[in-house]
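Here is the structure we will look at.
Small disclaimer: the values here were computed from a predicted structure and weren't measured. Within every chain, numbering begins at 1; the chains are lettered A, B, ... in the order of the sequence lines, protein sequences first and strands thereafter.
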Amino acid sequence: MKKLKRFSDLVYTVVRKIPKGSVLTYKEVAKRAGSPLAFRAVGTILSKNFDPAIPCHRVIRSDGAMGGYNRGISEKIRKLKSEAR
DNA sequence: CGTATGACGTGCA
DNA sequence: GTGCACGCCATAC
């Protein structure tokens, strides 16, 4: 296995572990990824990620606003609304 | 290494 | 509540 895991890989792993009906903030994800101050990088990385296996739509900003979504912000809201409980 | 970019966060007017 | 500026980190070139 590659131990040269990039911060991006950690972010993907963390986001992938987000249970349905739950949402984590970029800050939380960054913290779980190992760098609580890399929330900026989290957004940068997720923006480059186009993997549908990553529920990046469950990651929102700390103010509760939707940052964005590689497939369209509308899809993000749609998914969250669908999974929202 | 320096510069530029980005789905952020916080502070202030 | 809204808009703007600065600071933060990781990645790409």
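- Between the P atom of C:dA12 and the CD1 atom of A:Ile45 lies a distance of 9 Å, rounded to the nearest Å.
- To the nearest angstrom, C1' of B:dG6 lies 13 Å from CZ of A:Phe50.
- Annotation: side chain of A:Val29 is not in contact with side chain of A:Phe39 (no heavy-atom distance under 4.5 Å).
- For the pair A:Lys48 NZ and B:dT5 P, the computed distance is 12 Å after rounding to whole Å.
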What's touching nucleotides 6-9 of chain C from the protein side, N or O pairs under 3.5 Å?
unit_1 : atom_1 : unit_2  : atom_2 : d
C:dG7  : O6     : A:Arg40 : NH2    : 2.5
C:dG7  : N1     : A:Arg40 : NH2    : 2.5
C:dC8  : O2     : A:Arg40 : NE     : 3.4
C:dC9  : O4'    : A:Leu37 : O      : 3.2
C:dC9  : O2     : A:Ala41 : N      : 3.4

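- For the pair A:Arg61 and B:dG9, the criterion of a side-chain N or O lying under 4.0 Å from OP1 or OP2 is met.
- Between A:Lys27 atom NZ and B:dA7 atom C1' there is a gap of 16 Å when expressed in whole angstrom units.
- As rounded to whole Å, 14 Å separates atom C1' of B:dG6 from atom CG of A:Asn49.
- Across all their heavy atoms, A:Cys56 and A:Tyr69 have their closest contact at SG-CE1, 3.6 Å.
- Although no hydrogens or angles enter the test, the distance criterion places a donor-acceptor pair under 3.5 Å between the side chain of A:Arg58 and the main chain of A:Ile18.
- Annotation: side chain of A:Arg6 is not in contact with side chain of A:Ile45 (no heavy-atom distance under 4.5 Å).
- With rounding to whole Å, A:Tyr12 atom OH is found 14 Å from B:dA7 atom P.
- The minimum heavy-atom distance between A:Asn70 and A:Leu46, with the atom names listed, is ND2-O, 4.1 Å.
- If you take CG on A:Leu80 and CD on A:Glu75, they are separated by 11.0 Å, rounding to the nearest 0.5 Å.
- Nucleic acid contact class of A:Asn70 (heavy atoms, under 4.0 Å, all strands): base.
- Counting any heavy atom pair closer than 4.0 Å across all strands shown, A:Gly67 reaches sugar-phosphate atoms only and no base atom.
- Regarding A:Leu46, its CG atom lies at a distance of 13 Å from the C1' atom of C:dT11, rounded to whole Å.
- Remark: P of B:dA7 and CG of A:Asp63 are 15 Å apart, rounded to the nearest angstrom.
- Not one N or O on the side chain of A:Asp63 forms a donor-acceptor pair closer than 3.5 Å with the backbone of A:Ala65.
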